[in-house]
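Working notes for the structure below.
Fair warning: this is a prediction, and the values are worked out from it, not measured in the lab. Here is how names work: the chains are called A, B, and so on, in the same order as the sequence lines, proteins then strands, and each is numbered from 1.
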Amino acid sequence: MPEPGLAQRTRSGPGRLLIAVYAVFALAATARSAVQIGTRFGEAPVAYLLSAFAAVVYVVATVCLVRGSATSRTVAWVSIVVELVGVLAVGTFSLVDPQAFPDATVWSEFGRGYVFIPAVLPVLGLWWLRVSARDPVA
Amino acid sequence: MNDVLATTLTYVSLAAALWALVLAIAGQPTRPDRWYGVGVLGVVALLELGLVVQAVGGIVALFVTERELDGFSFVGYLVGPVLVLALAAFWALAEKTRWGPAVLVVGCLAVPVMLLRLQQVWDAHA
């Protein structure tokens, strides 16, 4: 069932700002992990694979939020939940066992290197998917 | 690497971010038919021009310099702000509410962060 208003709602208003922040993180995480894996993968393979995984999650979330169809929104929701679990898990592990992460990832210490935006972003993302699902006309 | 240019670009991007923030708080979209809309877009266009000049100059410097640089990161932080700012401007113009300038704030604040990292990469093996 086509729903042209849904995609429009998803990427308008606060959604436009949210997508902008997601896009910046998608670009930053992708570029960072590409350099890490391309130039010094052997130094910290676990951290660098996690960086790459985080990059993929951000890219998927960004693209799906921009598309905004019902299916895309479902995929976006799943990727944002993965992102939330990832930042909480990696954040906790990086504090409990710093030796496991010889080099920082986006999610280390709950995204402290990125002024904790990585920890706040998934919460805002889930909130926005919830808010934008409602049709204001109905 | 031109320190004066990098410093100027940092201040210009912060000024543009502040201007866009005021528009967002005031609930004004980035209207090209109003002076405050044209103004902020003009500053962003100037900033973009300066970033392109820096990118070209930086890539030339990379080939001329005798420093041992992390070339990939250096080029990334030269080209990154050019792309991010241009995309942010287009993404902001398509929005006819206060969230348009809010997008510009994000784009403009990403620039000084990348300029700082650029400087760190340049200074790393001075």
Side-chain angles (χ1 to χ4, degrees), chain A residues 7-41 43-44 48 51-52 55 58-59 61-63 65-68 103-104 106 111-118 120-121 124-125 127-128 131-132 136, chain B residues 13 16-17 20-21 23-25 27-30 44 55 62 68-118 120-121 124-125:
Chain A
Q8 190 58 42
R9 278 208 305 284
T10 306
R11 56 173 173 257
S12 303
R16 190 158 288 264
L17 177 63
L18 184 75
I19 290 170
V21 180
Y22 261 102
V24 169
F25 272 87
L27 182 75
T30 304
R32 180 178 184 157
S33 79
V35 168
Q36 287 176 334
I37 290 177
T39 61
R40 48 176 191 273
F41 182 66
E43 287 175 24
Y48 295 162
S51 282
Y58 283 122
V59 170
T62 306
V63 172
L65 285 171
V66 171
R67 288 178 54 86
D103 200 356
V106 184
R112 190 171 160 210
Y114 295 82
V115 282
F116 297 107
I117 295 171
V120 181
L121 203 51
L124 291 177
W127 165 80
W128 178 244
V131 171
S132 60
Chain B
S13 58
L21 181 67
L23 290 185
I25 291 170
Q28 291 292 336
T30 0
V44 168
L62 178 64
E68 284 291 315
L69 278 184
D70 177 356
F72 288 110
S73 300
F74 189 67
V75 173
Y77 287 120
L78 280 172
V79 178
V82 174
L83 292 180
V84 168
L85 191 67
L87 286 173
F90 280 111
W91 192 238
L93 277 173
E95 175 74 34
K96 303 298 176 203
T97 68
R98 68 168 70 209
W99 299 100
V103 168
L104 278 185
V105 174
V106 172
C108 290
L109 287 183
V111 170
V113 175
M114 287 185 278
L115 290 177
L116 182 68
R117 293 288 298 128
L118 178 73
Q120 289 170 347
V121 172
H125 302 283

Counting only heavy atoms not in B:Phe90, do more than 12 fall under 6.0 Å of its CZ?
->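 Incorrect, the count does not exceed 12.
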Return yes when atom CZ of A:Arg11 has more than 12 non-hydrogen atoms of other residues, nucleotides or ligands closer than 6.0 Å, and no otherwise.
->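 Counting other residues, nucleotides and ligands, CZ of A:Arg11 exceeds 12 neighbours.
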Under a 4.5 Å heavy-atom cutoff, which of B:Gly80, B:Ala88, B:Ala94, B:Ala92 has the most pairs with chain A?
->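 Top count of heavy-atom pairs under 4.5 Å with chain A: B:Ala94.
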Kindly compute the distance separating CG (A:Leu27) from CG (B:Leu83), expressed to the nearest 0.5 Å.
->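 Rounded to the nearest 0.5 Å, the CG-CG separation comes out at 7.0 Å.
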Indicate the atoms forming the closest heavy-atom contact of A:Leu17 with B:Ala102, along with that distance.
->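 Nearest heavy atoms, A:Leu17 then B:Ala102: CD1-O, 3.4 Å.
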So, for B:Ser73 and A:Val35, which heavy atoms are closest and what is the spacing to 0.1 Å?
->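 Smallest interatomic distance, heavy atoms only, reads OG-CG1, 3.6 Å.
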Do any pairs count as a salt bridge (Lys or Arg N to Asp or Glu O under 4.0 Å) and have a residue in residues 15-27 of chain A, sequence neighbours left out, and if so which ones?
->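 Qualifying pairs, neighbours excluded: A:Arg16-B:Glu95.
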Count the heavy-atom pairs under 4.5 Å between each of A:Ala28, A:Ser12, A:Gly38, A:Pro14 and chain B, then report the option with the highest count.
->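 Most pairs with chain B among the choices: A:Pro14.
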Below 4.5 Å from any heavy atom of chain A, which atoms of B:Val103 appear? Answer side chain, backbone, both or neither.
->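 When you check distances to chain A, atoms from both the backbone and side chain of B:Val103 fall under 4.5 Å.
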